[in-house]
Amino acid sequence: MTSFRTSPGMRDLLGDEAARRRAFDTAFIEVVGAAGYEQIVPPILEDIGVFSRIGEATDVVSKEMYDFVDRGGRHVALRPEQTASVCRAFVEHRPALPYKAWYSGPNFRYEKPQRGRQRQFDQVGIEVLGPEDPHVDVEVIAIGWDFLASLGLTDVELVLNSLGDPEDRRRFTEAVGDHLRAHLAKLSEQSRETLERNPLRVLDSKRSEDAPIIAAAPRIEDFWSTEAAEHFSEVRSGLDRIGVPWRADGGLVRGLDYYRRTTFEFRSGALDSAQNALGGGGRYDGLVEDLGGPATPGIGFAIGVERTLIACDSESAFPGPAGGVEVFVVDTTGGSEALALSTELRRGGRTVDRGFGGRSMKAQMKAADRSGAQLALIIGDDELASGTVTARFLRGDRPQEQWARTEANRLVAEALADHRPPEMTES
RNA sequence: GUGGGCGUAGCUCAGGUGGUUAGAGCGUCAGGUUGUGGCCCUGAAGGCCGGGGGUUCAAGUCCCCUCGCUCACCCCA
């Protein structure tokens, strides 16, 4: 018999992991909902042209896309990120401005899998389309920051930069290219290749031989237009005003081509791997226009869910909800009473599980204990004959009681009111 | 895509220099308790030792290939 496993770079989420993933969304929704963002659920598949705008020179577009021709002859792709989809949806439906949206869902990139870098990975993120106001930048960044903090993460650094306006960025790129080519001989092999495709990315190089050349490279701030410099300055003072700490780094050049002006990244100090960027984003004032819409400024961020959860693990933060059920019904008389009672209790709003398969009382009690239930309701021959149930309290020292079967619903409610667990984070 | 490390039970891992029926803990199941979980005790089930090929009388162990995970590069979330 052949068996199967998940495709490389893709994972199953079971039980506690799935519950934690769900709680992650809940935590995110709480933060973005409080700021007036509405949800958008774009399709996972789009015309490949939607994603080309991310940047022909980036690996994400040029060699990592899951793309194919569908049965109707359309060239489509699994989304590698969601910003482009949100902009496409904006152009298609034209919601009122400012359009503030959040999303959560899977993206696909055909990379060599690694911890914190999967081929199918989830991102949560927000986008704001419309205002060019630097306060929007501040709001977006602060929401990302506050969300990570709400998970209990403390070892996070916000790195900030401005790429200037498109013309600034173009001149800067050129200057960096010239500078690097002047020192070509001393540049690492890798960086020489990168230089061909995307000179700015060389500034990200971590190789030691590149360090002196990068240190001597032109600096972005010398290329900012007055407007871009002013915008960035207001972003920084806005962050200061609300107590979000940041570090400016002229070398922060994010991969996607569409960024201009403000760019930022959230880095975890708890992850010393190369995958320490939990999320990031920036302004993409030209993207909507590129997708056939009216010139509309935009800014947003995306946070990698798996990666952030790994950071939570190493900081022992965000353990996720405790699962389980309130009541467990044990029935050694064949199960028909368990069927009736558990259904009745569920219809009354309780969470309840039960034993199946006519297993021994001991086995069913064990299952009751594992279920996390506060209360086991036992039905054996005696109870059946006398029209009662035995209530056994699993988490305290309250002695077990005999209840009239007809009173079970009410008495369960009473018992659980006394034994409320301290905090049930389950949504 | 390139290079390194690692793949033994559901999980975490032992298995000097090749040697006969591959082990432990946890978990699961059953029993100790004529109807009672958690602690304890006993027992059982559960492994094509990632897959394929080779060397050898003999391979979990050595060699080659391959797949997967992982680390670095790359890329990025």
Side-chain angles (χ1 to χ4, degrees), chain A residues 1-11 14-15 54-55 57-64 80-83 106-125 144 148 188-191 193-194 197-198 201-202 204-207 210 252-256 264-268 271-281 300-311 328 330-333 355 357 359-384 390-397 399-400:
Chain A
M1 201 54 173
T2 51
S3 62
F4 298 95
R5 19 181 335 165
T6 53
S7 260
M10 304 191 178
R11 311 199 330 114
L14 276 64
I54 294 166
T58 65
D59 284 5
V60 170
V61 169
S62 63
K63 43 188 191 197
E64 295 175 359
E81 54 116 47
Q82 285 175 257
T83 300
N107 304 305
F108 301 83
R109 262 120 95 153
Y110 193 89
E111 300 181 274
K112 185 161 174 180
Q114 219 172 96
R115 186 174 155 85
R117 190 178 74 180
Q118 291 152 245
R119 288 182 177 170
Q120 176 177 336
F121 62 101
D122 287 326
Q123 284 185 330
V124 296
L148 293 173
S188 68
E189 174 95 36
Q190 245 338 309
S191 290
E193 281 173 35
T194 310
R197 292 175 293 126
N198 197 341
R201 300 234 31 106
V202 178
D204 257 358
S205 164
K206 290 165 201 140
R207 267 169 296 277
D210 294 336
L252 174 66
V253 179
R254 296 186 45 75
L256 279 20
F264 57 95
E265 200 165 281
F266 301 107
R267 289 186 194 153
S268 169
L271 267 39
D272 53 5
S273 68
Q275 270 77 244
N276 70 345
L278 301 182
F301 70 71
I303 285 174
V305 175
E306 292 82 1
R307 218 174 255 195
T308 301
L309 253 12
I310 292 170
F328 194 98
V330 171
D331 179 354
T332 56
T333 69
R359 299 219 287 154
S360 73
M361 168 151 309
K362 179 172 177 157
Q364 291 191 55
M365 283 303 295
K366 236 176 144 160
D369 186 50
R370 265 199 306 265
S371 76
Q374 299 291 312
L375 181 61
L377 295 181
I378 302 168
I379 298 157
D381 293 329
D382 298 347
E383 286 82 358
L384 201 56
T390 296
R392 180 162 179 85
F393 302 92
L394 265 14
R395 314 292 160 199
D397 42 18
Q400 70 183 40

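In this text, all values refer to a predicted model and were calculated from it rather than measured experimentally. Residue numbers start from 1 in every chain, and the chains themselves are labelled A, B, ... in the order their sequence lines are given, proteins ahead of strands.
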Side chain of [X]: nearest nucleotide among [options]?
| X | options | value |
| --- | --- | --- |
| A:E111 | B:C76, B:G32, B:C75 | B:C75 |
| A:P113 | B:C76, B:C69, B:G37 | B:C69 |
| A:R5 | B:G35, B:A30, B:G68 | B:G68 |

Could you pull out all residues at least two apart from [X] that satisfy salt bridge (Lys or Arg N to Asp or Glu O under 4.0 Å)?
| X | value |
| --- | --- |
| A:R115 | none |
| A:E383 | none |
| A:D382 | none |
| A:R119 | none |

Give, for atom [atom1] of [X] and atom [atom2] of [Y], the distance between the pair rounded to the nearest 0.5 Å.
| X | Y | atom1 | atom2 | result |
| --- | --- | --- | --- | --- |
| A:F108 | A:E81 | CZ | CD | 14.0 Å |
| A:N107 | A:D122 | CG | CG | 7.5 Å |
| A:T332 | A:I379 | OG1 | CD1 | 9.0 Å |
| A:S7 | A:Q118 | OG | CD | 12.5 Å |
| A:K366 | A:S371 | NZ | OG | 14.0 Å |

[N] and [M]: how far apart are their [atom1] atoms, nearest whole angstrom?
| N | M | atom1 | answer |
| --- | --- | --- | --- |
| B:G27 | B:C74 | P | 44 Å |
| B:G5 | B:C64 | P | 11 Å |
| B:C39 | B:G25 | P | 16 Å |
| B:U21 | B:G47 | C1' | 14 Å |
| B:G3 | B:C65 | P | 12 Å |
| B:G60 | B:C48 | C1' | 12 Å |

Sidechain-backbone polar pair: [X] side chain, [Y] backbone, donor-acceptor under 3.5 Å:
| X | Y | result |
| --- | --- | --- |
| A:E265 | A:G280 | no |
| A:R307 | A:G116 | yes |
| A:R109 | A:P80 | yes |
| A:E111 | A:E64 | no |

Given atom [atom1] of [X] and atom [atom2] of [N], what is their separation to the nearest angstrom?
| X | N | atom1 | atom2 | answer |
| --- | --- | --- | --- | --- |
| A:L394 | B:G37 | CG | P | 10 Å |
| A:R117 | B:A77 | CZ | C1' | 11 Å |
| A:E64 | B:A77 | CD | P | 10 Å |
| A:Q114 | B:G1 | CD | C1' | 13 Å |
| A:F4 | B:G68 | CZ | P | 15 Å |
| A:F108 | B:A77 | CZ | C1' | 15 Å |
| A:L252 | B:C76 | CG | P | 12 Å |
| A:L309 | B:A77 | CG | P | 18 Å |

Practice task
Within residues 364-371 of chain A, find the residues that approach RNA chain B with a heavy atom at under 4.0 Å, and present them sorted by residue number.
Solution key: A:M365, A:K366, A:D369, A:R370
Exercise for the section: Start with the C-alpha gap between A:F328 and A:L375, add the side-chain angles, then the distance that decides, and say whether side chain to side chain contact (heavy atoms under 4.5 Å, CB included) holds. Expected result: CA-CA 6 Å; A:F328 194 98; A:L375 181 61; over 6 Å; no
Within the structure shown, what part of the strands sits under 4.0 Å from [X] by heavy-atom distance: base, sugar-phosphate, or nothing?
| X | value |
| --- | --- |
| A:G125 | nothing |
| A:Q118 | base |
| A:R109 | base |
| A:R115 | sugar-phosphate |
| A:G9 | sugar-phosphate |

Practice task
Give the B/S/- string for nucleotides 41-46 of chain B, one per nucleotide from 5' to 3', where a protein heavy atom under 4.0 Å of the base yields B, of only the sugar-phosphate yields S, and otherwise -.
Solution key: ------
Exercise for the section: For side chain to side chain contact (heavy atoms under 4.5 Å, CB included), just list the numbers for A:Q120 and A:T6, CA-CA rounded to whole Å, side-chain angles, deciding distance to a tenth of an Å, and then say yes or no. Expected result: CA-CA 11 Å; A:Q120 176 177 336; A:T6 53; over 6 Å; no
Practice task
Using only side-chain N and O atoms of A:R359, determine if any of them is under 4.0 Å from OP1 or OP2 of B:C29.
Solution key: yes
Exercise for the section: Tell me whether the OP1 or OP2 atom of B:A77 has a side-chain N or O from A:R267 closer than 4.0 Å. Expected result: no
Practice task
Would you please name every residue forming a ring pair (Phe, Tyr, Trp, His ring centres under 6.0 Å) with A:Y110, sequence neighbours left out?
Solution key: A:Y66
Problem - Contacts of A:F301 that satisfy ring pair (Phe, Tyr, Trp, His ring centres under 6.0 Å) - sequence neighbours left out - result: none
Each nucleotide N or O in nucleotides 49-51 of chain B that has a protein N or O under 3.5 Å away: list the pair and distance.
none

Problem - Intermediate values then yes/no, side chain to side chain contact (heavy atoms under 4.5 Å, CB included), A:E306 and A:R11 - result: CA-CA 11 Å; A:E306 292 82 1; A:R11 311 199 330 114; 5.6 Å; no
Practice task
Name all stems that contain residues of RNA chain B, defined as runs of 3 or more consecutive Watson-Crick or G-U wobble pairs, both distances under 3.5 Å.
Solution key: B:1-7 with B:67-73, B:10-13 with B:23-26, B:28-32 with B:40-44, B:50-54 with B:62-66
Handout entry: A:A302 vs A:Q400, nearer the 5' end of RNA chain B by closest nucleotide
Key = A:Q400
Practice task
Using the closest heavy atom to pick a nucleotide of RNA chain B for each, name whichever of A:G280 or A:Y110 lands nearer the 5' end.
Solution key: A:Y110
Handout entry: Heavy-atom side-chain contact between A:I378 and A:M365 under 4.5 Å
Key = yes
Problem - A:R395/A:D369 salt bridge by N-O under 4.0 Å criterion - result: yes
Practice task
Using the side chain to side chain contact (heavy atoms under 4.5 Å, CB included) rule, take A:L278 and A:L271 through it: C-alpha gap first, then chi angles, then the decisive distance, then the call.
Solution key: CA-CA 9 Å; A:L278 301 182; A:L271 267 39; 4.0 Å; yes
Could you list all N or O pairs between the protein and nucleotides 65-67 of chain B that sit under 3.5 Å apart?
none

Grab the N/O contacts between the protein and nucleotides 2-9 of chain B below 3.5 Å, and write none if there aren't any.
unit_1: B:U2; atom_1: O4; unit_2: A:K112; atom_2: NZ; d: 3.2
unit_1: B:G3; atom_1: O6; unit_2: A:K112; atom_2: NZ; d: 3.3

